[in-house]
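Notes for the one structure printed next.
Below, chains carry the letters A, B, ... as their sequence lines are ordered, and counting in each starts from 1.
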Amino acid sequence: MQHRSPQFHNLRALDRQFFARDPREVARELLGKLLIRRHERKLLAGRLVEVEAYLGADDAAAHAAAGRTARNDVLFGPPGHAYVYLIYGNYFCLNVSCEPEGKAGCVLIRAAEPVDGLEHMARSRGLELGSPKALRLIASGPGRLAQAFSITRARDNGKDLLDAISDLRLADDGYTPQRILTTPRIGITKTADYPLRYIVAGSDYLSGPKKMNGR
DNA sequence: ATATCGATTATCT
DNA sequence: GATAATCGATATG
């Protein structure tokens, strides 16, 4: 018997053209969309509440700024694909490639509200679901989110996130966030003043200090 | 060949 | 609020 979550009514794939645009537009419109993962026969899902745009040569904080390398190759490829990299030797970060093929740009997926597969994600994060704070710790940060969804570079870098068959994808269930705020990006030193972080106002599942979240 | 630096997080004080 | 952990990419000699 297949369990079907009520949140998954009217699930639509996103268009390739949706991602073939400036990362700033894509980032803003990605808020509220679903990240969906199939892992070890489990369905995992989260609603995006925090993302950041990274541009090309004119954005020194972007991995693409120094040009195309083996590491960032996906950023210069077709839009809508996963760019996964290791950060600080400890965690992975998930990005979606943007812009038409040949031009670099991406959106970093920083936080999501857990929607389905909470038990499995909590276990991946080493959390006990009993405590009220556990929900907030599942995917409130790029490293945490990758861990919750079992995302690694070896497993996921380069994957097409629009393929309905893929075990990692982005989809639209028609939900639209009420209010969106922009702030400077978190954790960078170069071009640190660009307001390229987009968050769902008032969400309980954001990363970073409260002052960065409009409170 | 060696040193430094991160698009972070957990665990302290 | 401060710091250790940890390793690949990049800078420096």
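Taking OH of A/Tyr91 as the start and CD1 of A/Ile87 as the end, the distance is 11.5 Å to the nearest 0.5 Å. Within the model, atoms OH of A/Tyr85 and CG of A/Asn95 stand 5.5 Å from one another, a figure rounded to the nearest 0.5 Å. Atom CG of A/Leu30 and atom NZ of A/Lys33 lie 7.0 Å apart (nearest 0.5 Å). Residue A/Phe76 holds its CZ atom at 10.0 Å from SG of A/Cys106, rounded to the nearest 0.5 Å.
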Show me the protein contacts with nucleotides 11-13 of chain C, counting only N or O atoms at under 3.5 Å.
none

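A cation-pi arrangement, defined by a distance under 6.0 Å to the six-membered ring centre and an angle within 45 degrees of its axis, is present between A/Arg47 and A/Tyr175. Stacking of A/Arg21 on the aromatic ring of A/Phe19 is not recorded, the 6.0 Å distance cut-off and the 45° axial limit not both being met.
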Fill in: Dot-bracket summary - DNA chain C, pairs being Watson-Crick or G-U whose distances fall under 3.5 Å, with | when paired to another strand
|||||.||||||.
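Considering only residues two or more places apart in sequence or on other chains, A/Asp15 meets the salt bridge (charged side-chain N to carboxylate O under 4.0 Å, His left out) condition with none of them. Considering only residues two or more places apart in sequence or on other chains, A/His39 meets the ring-ring contact (aromatic ring centres under 6.0 Å, His included) condition with A/His120.
Judged as a salt bridge (charged side-chain N to carboxylate O under 4.0 Å, His left out), the pairs with a partner in residues 182-202 of chain A (not counting sequence neighbours) are, in order, A/Glu50-A/Arg197, A/Asp59-A/Arg185.
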Practice prompt. Assign a letter to each nucleotide of nucleotides 6-13 of chain B from its 5' end: B, base within under 4.0 Å of a protein heavy atom; S, sugar-phosphate only; -, no contact.
Written response: BBBSS---
Worksheet item: What's the verdict on salt bridge (charged side-chain N to carboxylate O under 4.0 Å, His left out) for A/Lys159 and A/Asp167, showing C-alpha distance, side-chain angles and the deciding distance?
Response: CA-CA 9 Å; A/Lys159 266 184 191 167; A/Asp167 64 351; 2.8 Å; yes
